[in-house]
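Notes follow the structure.
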Amino acid sequence: MYKTHTCGELTLDHCGQRVTLAGWVHRRRDHGGVTFVDLRDRFGLVQIVADSTAHPEAHQAMEPVRVEWVVQIEGKVRARPEGMVNPDISTGEIEVDVHAVRVLNPAKTPPIYINKESEIDEQVRLRYRYLDLRRARMRRNLELRHRVIKFIRDYLDARGFLEVETPILFKTTPEGARDYLVPSRLHPGEFYALPQSPQQLKQLLMVAGVERYFQIARCFRDEDQRGDRQPEFTQLDLEMSFVEREDVIALIEAMFTELVAQVVPEKRVLQTPWPRFTYEEVMNRFGKDNPDIRFGLELVDIGDLATGCGFGVFERVIAAGGQVRGINARGLGDYSRKQIEELTGFVSRYGAKGLAYIALPSEGGQRSSFAKFLSEEALQGILERFEAQAGDLLLFVADQPAVVAESLGRLRELLGDRLGLRDPDVLAFCWVLDFPFVMWNEDEQRWDPSHHLFTAPMPEDIPLLDSDPGKARGQQYDLVLNGYEVGGGSIRIHQRELQAKVFELIGLDPEVAAERFGHMLEAFEYGTPPHGGIAPGIDRICMILAGEPNIREVIAFPKNQNARDVMADAPSPVEPEQLKELHIGLELGD
RNA sequence: GGUCCCGUAGUGUAGUGGUUUAACAUGCCGCCCUGUCAAGGCGGAGAUCGCGGGUUCGAAUCCCGUCGGGACCGCCA
């Protein structure tokens with residue numbers, strides 16, 4: 001070993017001991033006759049003192065050393081002199097009087113500041129990710145992620161779960177997201193697909209009798225990036241046999257409650273047991289199926305008041321079967337016309353054609369884009385419904401339900417940010433239940449599953465699959481945290497006939513179904529236990545627990561927005577011979 | 001596929017009403033300095049302002065194009 005101790009572990013108890021340390025030079029303070037170096041390793045920082053009188057050779061050897069050089073030092077631990085204690089670091093009471101210095105490797109001037117927090121260009125960070133990861137923030141995130149995964153493994157292991165690895169090279173499923181494909185050398189013209197999730201495989205493990213399965217599973221989806229989406233990401237994939245919805249919910253709720261207490265004790269869970277909402281309720285109250293319930297500003301329906309209110313826009317929307325809903329942005333009553341126009345621009349991104357408002361300045365009075373059209377009765381009705389008072393800003397969208405929900409749902413979270421209502425130290429978990437089993441796809445003129453093909457309908461709603469599919473509910477549950485969907489799961493179909501019926505409902509040709517999912521249907525004929533599971537997203541959960549704004553911050557080597565690895569420069573062209581072996585010819589556009 | 005924002009020494013920024021030796025901080029190099037912890041002092045080097053074209057007597061600055069990055073919409077069962 002190059003070291004007898006880690007930098008972070010030294011305390012007053014080590015005083016008088018000779019130690020050998022190795023690490024990176026974090027900072028250097030050269031006073032001429034004495035040089036201080038903060039030596040860093042993964043476990044902490046310690047001050048090294050090179051004194052020209054006591055140890056001239058060591059002092060001289062330290063002279064050329066710069067930030068991020070890798071050095072090994074030998075010295076003696078001693079208490080710092082009176083008044084020289086540094087309370088900001090764990091080893092602040094001691095220092096190491098250095099006797100010998102050995103440079104293990106010098107370093108170029110790094111393109112990233114390791115020793116201070118500052119804004120860094122995202123491309124520079126990714127290009128030099130190995131340097132970026134040296135920073136305290138990134139190290140914290142790596143450690144947090146490790147502890148989260150370690151906790152999950154231990155917790156599930158203690159409860160009889162078996163971690164099983166499933167293939168990365170598997171079969172394409174044209175449903176859902178776009179697949180990453182891998183050409184087959186041995187089978188010209190054929191392709192493997194990387195799994196979007198191990199969904200089918202975990203169900204087959206239930207058929208195999210595993211009963212309690214989990215996996216820290218890498219998943220791949222070839223879609224465009226967002227702050228919370230990477231082309232490859234990690235799920236806690238989990239499946240159980242002989243369980244009902246309540247069993248899966250109870251397990252996950254208990255596990256994450258305990259995880260938060262152990263791993264991020266400084267965070268507060270908003271409410272236990274976790275609140276549960278139906279899909280219909282969250283869409284009505286929050287406008288999203290993944291609501292942030294850390295704050296109010298809920299959506300309020302004024303459809304009844306809008307009928308015959310005198311304002312043509314509202315009346316026409318109601319007559320056309322639409323909705324009129326609003327939010328009371330309490331505290332923004334002094335927003336200027338320009339600020340409200342900016343909010344109007346914001347909701348227009350989600351299809352809203354306008355944003356009607358009634359502003360009640362804190363000084364009193366009223367400004368509104370449409371109140372002049374309203375009957376006195378309608379205006380009073382609206383103000384009463386929002387319990388409006390001076391300082392409030394009422395914002396309304398009138399449109400088809402989907403547009404109203406999305407635009408106001410997004411606006412609600414924007415306003416929550418502006419009003420400082422989204423406390424990063426609060427974790428608001430909740431469950432969203434009773435999703436529609438299928439949703440009508442207007443473009444394709446067919447029913448699409450709202451979760452996935454293998455989700456079971458509510459038993460009492462099975463007759464609806466024939467009569468009124470849109471009314472049927474699925475045995476699906478979404479895990480939501482602070483406005484992010486961090487997991488989704490369901491009780492699965494385990495009977496072949498019901499699975500075939502669902503395939504038929506969503507317009508999947510029986511022959512195609514047999515080709516794509518024949519192995520599943522066949523397996524269901526060999527004694528399949530009732531089963532269900534869930535797949536919490538590890539990256540998103542770590543992101544939220546770490547208080548980070550982007551999923552990249554909790555992934556060691558993430559891709560950039562264009563799905564590139566800018567450090568290694570992937571993807572990259574390949575040799576013609578490689579393509580030939582794979583029976584692939586390129587047809588590139590201009 | 002689309003919308004918006006960004007691109008200036010190693011790094012982070014200023015400068016954009018057209019005329020500057022392109023500024024500041026930090027880092028880097030040299031000298032001084034024995035108790036600092038973002039050490040300090042003095043001096044120095046370092047940028048053809050992402051790239052290409054255009055307008056102009058003159059462009060970091062205005063226009064067009066292009067490349068790269070970020071946020072978002074579409075997309076993500």
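Just so you know, these numbers come straight off a predicted model, no measurement behind them. Quick note on labels: first sequence line is chain A, next is B, and so on, each numbered from 1.
Interface residues of residues 24-32 of chain A facing RNA chain B, ordered by number: Arg27(A), Arg29(A), Asp30(A), His31(A), Gly32(A); criterion, heavy-atom separation under 4.0 Å. Only Asp121(A), Glu122(A), Gln123(A), listed by number, bring a heavy atom of residues 121-133 of chain A to less than 4.0 angstrom from any atom of RNA chain B. A heavy-atom distance below 4.0 Å to RNA chain B is reached by these residues of residues 104-118 of chain A, ordered by number: Thr109(A), Pro111(A), Tyr113(A), Lys116(A).
Counting atom types as modelled, Arg410(A) pairs no side-chain N or O with a base atom of rC72(B) as donor and acceptor under 3.5 Å.
Partners of Asp222(A) according to the side chain to side chain donor-acceptor pair (under 3.5 Å) rule, which considers only residues two or more places apart in sequence or in another chain, do not exist here. Residues passing the side chain to side chain donor-acceptor pair (under 3.5 Å) test with Thr173(A): none are found, sequence neighbours excluded. Annotation: side-chain contact (heavy atoms from CB on, under 4.5 Å) contacts of Ala402(A) (sequence neighbours excluded): none. For Phe36(A), the ring-ring contact (aromatic ring centres under 6.0 Å, His included) criterion is met by His31(A), not counting sequence neighbours. Evaluation of the side-chain contact (heavy atoms from CB on, under 4.5 Å) rule for Cys7(A) yields Leu39(A), Asp41(A), Val46(A) as partners, not counting sequence neighbours.
Atom CD of Gln225(A) and atom C1' of rA71(B) are 13 Å apart (whole Å). Residue Gln235(A) contributes atom CD, which lies 12 Å from atom C1' of rC76(B) at whole-angstrom precision. For the pair Arg229(A) CZ and rC72(B) C1', the computed distance is 11 Å after rounding to whole Å. Atoms CD1 (Ile551(A)) and P (rG70(B)) sit 14 Å apart, rounded to a whole Å. The separation between Glu232(A) atom CD and rC76(B) atom P is 20 Å, rounded to whole Å. The interatomic distance linking Tyr180(A) (OH) with rC75(B) (C1') rounds to 13 Å, in whole Å.
Judged by Watson-Crick or G-U wobble contacts below 3.5 Å, the nucleotide rG40(B) has rC32(B) as its partner. In this structure, rG65(B) and rC51(B) make a Watson-Crick or G-U wobble pair, each of the two defining distances being under 3.5 angstrom.
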Which atom pairs, one a donor and one an acceptor, fall under 3.5 Å between side chains of residues 530-538 of chain A and the rest of the protein, sequence neighbours left out?
from      : atom 1 : to        : atom 2 : distance (Å)
His531(A) : ND1    : Pro529(A) : O      : 2.8
His531(A) : NE2    : Gln203(A) : NE2    : 3.0

Scan the side chains in residues 508-516 of chain A for donor-acceptor partners under 3.5 Å anywhere in the protein, sequence neighbours excluded, and list what turns up.
from      : atom 1 : to        : atom 2 : distance (Å)
Asp509(A) : OD2    : Glu511(A) : N      : 3.0
Asp509(A) : OD2    : Val512(A) : N      : 3.4
Arg516(A) : NH1    : Glu175(A) : OE2    : 2.7

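Here Pro81(A) lies in heavy-atom contact (under 4.0 Å) with a base.
More than 12 non-hydrogen atoms from other residues, nucleotides or ligands lie less than 6.0 angstrom from CD of Gln495(A).
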Using atom names, set out every protein N or O paired with an N or O of nucleotides 45-51 of chain B below 3.5 Å, distance rounded to 0.1 Å.
none

In 5'-to-3' order, the base (B), backbone-only (S) or no-contact (-) status of each nucleotide in nucleotides 1-7 of chain B, using a 4.0 angstrom heavy-atom cut-off, is B------

